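Presented below is the structure to which this report refers.
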Amino acid sequence: MRLVLIGPPGAGKGTIAEKLAAKYGLAHLSSGDMLRDAISRGAPLGAKAKEYVESGRLVPQEVLGEVVAEKLREVKAFILDGYPRTLEQAEFITALPYVDIDAVIYVAVGEEKAVERLRGRRVCAKCGAVTHADAAEVCGNCGSDDLVARADDRPDTLKKRYEVYMLETEPVVEYYRGRGLLRQVDGTGSREEVRARVEAAIGPFGARGDDNR
Ligand code: ADP
């Protein structure tokens, strides 16, 4: 099964992708995680991407495209989270001979809700688990109290990310709708509610996962 997860910042893509990856045995490929990891390791990709990520702009396709293509070549079954984000990137994926997307899950949330989630988002500095500042003071996964905001969740950067999403990524939703691949899911409500809706949306694909393609 090859899935793409698409939605605005704050839609909960990372959380959903992790759960789906575990349930269906898929590799979770997150472009944002790849970039943050490269930045924190001081890798060449990170050096090129840092200023874009930290200001909420898109990393140029010539910096990111080949890295994603390489990752996709290594896995058979995956959930791709955060890529494609522009029409150029969507066409790039479509043209890769070894990638045949089964479905695109579009997680829809309004700006107000998304911004509220991201303002309060905290990442555990020890294990990387994500929580909301209103929900917990310690990490629900490892118990650490070292919870930090992501550098690009500051209000001005957040606003920029949302603008970029509306301008660049919404057309990608229409691109996949036009190709008959889109499954739209309501992204409001609890994590469990959203996850149940997503699973219902991919149900027939999940059941067909005998060859785990
Ligand atoms: P979110 O979906 O919450 O905005 P991500 O973790 O997916 O966060 O992405 C964080 C940042 O990484 C983006 O704002 C952008 O700078 C960069 N990035 C991630 N994916 C892409 C992509 N496909 N193309 C260009 N830049 C990207």
Side-chain angles (χ1 to χ4, degrees), residues 3-18 20-21 28-41 43 45-72 78-96 99 101 104-123 128-132 148-173 175-176 185 187 191 194 198:
L3 299 176
V4 167
L5 198 56
I6 201 165
K13 296 187 296 293
T15 310
I16 296 168
E18 255 171 49
L20 292 180
H28 174 199
L29 303 180
S30 156
S31 52
D33 286 351
M34 279 176 214
L35 291 167
R36 281 184 291 278
D37 179 57
I39 292 170
S40 71
R41 284 186 291 112
L45 168 67
K48 289 184 204 145
K50 192 172 192 299
E51 58 164 319
Y52 296 97
V53 173
E54 292 185 352
S55 62
R57 287 175 298 145
L58 292 182
V59 175
Q61 165 68 357
E62 58 272 25
V63 173
L64 187 57
E66 281 311 315
V67 179
V68 173
E70 197 50 46
K71 292 269 180 201
L72 288 170
F78 60 77
I79 179 153
L80 186 55
D81 154 20
Y83 194 104
R85 248 178 165 87
T86 63
L87 281 178
E88 182 192 17
Q89 293 181 358
E91 275 159 8
F92 176 75
I93 294 284
T94 302
L96 291 176
V99 177
I101 302 293
V104 176
I105 312 293
Y106 168 43
V107 186
V109 226
E111 178 166 3
E112 206 177 310
K113 180 73 203 163
V115 167
E116 176 196 315
R117 284 181 180 165
L118 294 178
R119 285 226 168 108
R121 171 159 68 182
R122 299 291 179 269
V123 182
V130 178
T131 52
H132 193 282
V148 292
R150 229 170 75 176
D152 60 348
D153 283 346
R154 286 188 305 262
D156 50 336
T157 315
L158 242 178
K159 194 161 171 283
K160 180 74 194 161
R161 280 162 58 207
Y162 212 89
E163 274 169 29
V164 170
Y165 170 80
M166 292 308 286
L167 199 69
E168 303 278 1
T169 312
E170 280 280 301
V172 179
V173 172
Y175 172 87
Y176 284 121
V185 169
R191 289 180 185 202
V194 178
V198 171

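Small disclaimer: the values here were computed from a predicted structure and weren't measured. Count residues from 1 along the sequence. Start at 1 and go down the list; that is how both ligands and their atoms are numbered. No hydrogens, no waters, no symmetry mates; every other heavy atom, side chains included, goes into these values.
The side-chain hydrogen bond (donor to acceptor under 3.5 Å, both in side chains) pairs that include a residue from residues 59-68 are Q61-Y83, where partners are two or more places apart or lie in different chains.
Panel note: side chain E168, backbone V164; no donor-acceptor pair is recorded below 3.5 Å. Side-chain N or O atoms of K13 include one that pairs as donor or acceptor with a backbone N or O of P8 at under 3.5 Å.
When the options R121, R119, R122 are evaluated for a side-chain hydrogen bond (donor to acceptor under 3.5 Å, both in side chains) with D153, the one that passes is R121.
For ligand 1, the protein residues within 4.0 angstrom (heavy atoms only) are P9, K13, S31, G32, L35, R36, Y52, V53, R57, L58, V59, L64, G82, Y83, R85, Q89, R121, R150, D152, R161.
Between A114 and Y162, the shortest heavy-atom contact is CB-CE1, 4.0 Å.
Salt bridge status for R36 with D33: present, with a side-chain N to carboxylate O gap under 4.0 Å.
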